[in-house]
Amino acid sequence: MEVGQMQRAWVEYTKSLFREGFLDAQFQQLQLLQDESNPDFVAEVVSLFFEDSERLLTDLTSALEQQNIDFKKVDAHVHQFKGSSSSIGALRVKNDCIAFRNFCEEQNIEGCLRCLQQLKQDYYLVKSKLEALIRLEQQIVAACGTIPMEELSS
């Protein structure tokens, strides 16, 4: 695929992630911070989000498997997850966390377990979509192209 085709594919794919509610304006703010002096900024931030999220999902799963569930601890993990997902613009994940926190407040174990499953599903989906977006960016740069950020606003 030539550079122009990859750039068009990147623009369409990125727009679809916003249209489908996977990402919000915060992700665009991250993208705007990336430039020639820091070409891997978004990939690095997203990678840190993935590492943090995997740990939080493990902690949440473990906390909800306890005989006596500490809902304050579960809520603290969900609160942290909400913050990190919000900071990169992972809209669906952030919204799952908001619902999850409500069930923590009610100490509703069934609701928490349902939210955990939904959170995992949406997290792994956005993870795969962001990985694909970053791979496409890397292919564009490797082919001596630039990421067409200005086309996202049209």
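Note that the coordinates shown come from a computational prediction; the quantities given were computed from them, not determined experimentally.
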Peer 1: Testing the basics here: between A99 and C115, what is the closest heavy-atom pair and its distance to 0.1 Å?
Peer 2: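 Closest heavy-atom pair between A99 and C115: C-SG, 4.0 Å.
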
Peer 1: Enter the distance from S86:OG to L91:CG here, rounded to the nearest 0.5 Å.
Peer 2: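 Answer for the OG-CG pair, S86 versus L91, is 9.0 Å.
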
Peer 1: List for me each residue that meets salt bridge (Lys or Arg N to Asp or Glu O under 4.0 Å) alongside D59, sequence neighbours excluded, and say none if there are none.
Peer 2: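 D59 satisfies salt bridge (Lys or Arg N to Asp or Glu O under 4.0 Å) with R55 only.
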
Peer 1: Kindly compute the distance separating NZ (K127) from CD (E54), expressed to the nearest 0.5 Å.
Peer 2: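 K127 atom NZ to E54 atom CD measures 4.5 Å (nearest 0.5 Å).
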
Peer 1: Could you pull out the closest heavy-atom pair between L64 and L116, with the gap in Å?
Peer 2: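 Scanning both residues, the minimum pair turns out to be CD1-CD2, 3.8 Å.
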
Peer 1: Could you tell me which residues satisfy salt bridge (Lys or Arg N to Asp or Glu O under 4.0 Å) with R135, sequence neighbours excluded, listed by chain and number?
Peer 2: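 Result, salt bridge (Lys or Arg N to Asp or Glu O under 4.0 Å) vs R135: none returned.
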
Peer 1: To the nearest 0.5 Å, how far apart are CE in M149 and CD in Q31?
Peer 2: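 The CE atom of M149 sits 4.0 Å away from the CD atom of Q31.
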
Peer 1: Within the 4.5 Å heavy-atom criterion, are L56 and D52 side-chain neighbours or not?
Peer 2: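 Yes, close enough: below the 4.5 Å cut-off.
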
Peer 1: Would you indicate whether K73, at its atom NZ, is surrounded by more than 12 heavy atoms from other residues, nucleotides or ligands within a distance under 6.0 Å?
Peer 2: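 Counting other residues, nucleotides and ligands, NZ of K73 stays at 12 neighbours or fewer.
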
Peer 1: Under the side chain to side chain donor-acceptor pair (under 3.5 Å) rule, what do D122 and Q118 come out as? Steps first, then yes or no, please.
Peer 2: CA-CA 6 Å; D122 285 340; Q118 187 64 50; 3.1 Å; yes

Peer 1: Q34 and D40: which non-hydrogen atoms are nearest, and at how many Å?
Peer 2: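 For Q34 versus D40, the nearest heavy atoms are OE1-C, 3.9 Å.
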
Peer 1: Are the side chains of F81 and L60 in contact, using a 4.5 Å heavy-atom criterion?
Peer 2: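 When only atoms from C-beta onward are counted, F81 and L60 do touch, with a gap below 4.5 Å.
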
Peer 1: Could you tell me if the side chain of C144 sits less than 4.5 Å from the side chain of V3, heavy atoms only?
Peer 2: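 Not touching, per the 4.5 Å side-chain cut-off.
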
Peer 1: Find the distance between CZ (R92) and CG (L23) and round it off to the nearest 0.5 Å.
Peer 2: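 If we round to the nearest 0.5 Å, R92:CZ and L23:CG are 10.0 Å apart.
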
Peer 1: Checking K15 against E20 for the salt bridge (charged side-chain N to carboxylate O under 4.0 Å, His left out) test, could you report, in this order, the C-alpha distance in whole Å, the side-chain angles of both residues, the deciding distance, and whether it holds?
Peer 2: CA-CA 9 Å; K15 284 182 176 181; E20 294 168 19; over 6 Å; no

Peer 1: What is the minimum heavy-atom distance between C112 and C104, and which atoms define it?
Peer 2: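 Result for this residue pair: SG-N, 3.8 Å.
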
Peer 1: Indicate the atoms forming the closest heavy-atom contact of I140 with W10, along with that distance.
Peer 2: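 Heavy atoms only, the tightest pair is CD1-CB, 3.7 Å.
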
Peer 1: Check K72 with E105, please: is the shortest side-chain N to carboxylate O separation under 4.0 Å?
Peer 2: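 No, this pair does not count.
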
Peer 1: List the steps and the verdict of side chain to side chain donor-acceptor pair (under 3.5 Å) for K120 and T61.
Peer 2: CA-CA 10 Å; K120 285 180 179 180; T61 301; 3.1 Å; yes

Peer 1: Any idea which heavy atoms bring A143 and M6 closest together, and the distance?
Peer 2: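 Of all heavy-atom pairs spanning A143 and M6, the closest is CB-CE, 3.7 Å.
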
Peer 1: Should the ring pair F27 and F18 be called parallel, tilted or perpendicular, given that the plane angle runs from 0 to 90° and is split at 30 and 60?
Peer 2: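 Geometry flag for F18 against F27: tilted rings.
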
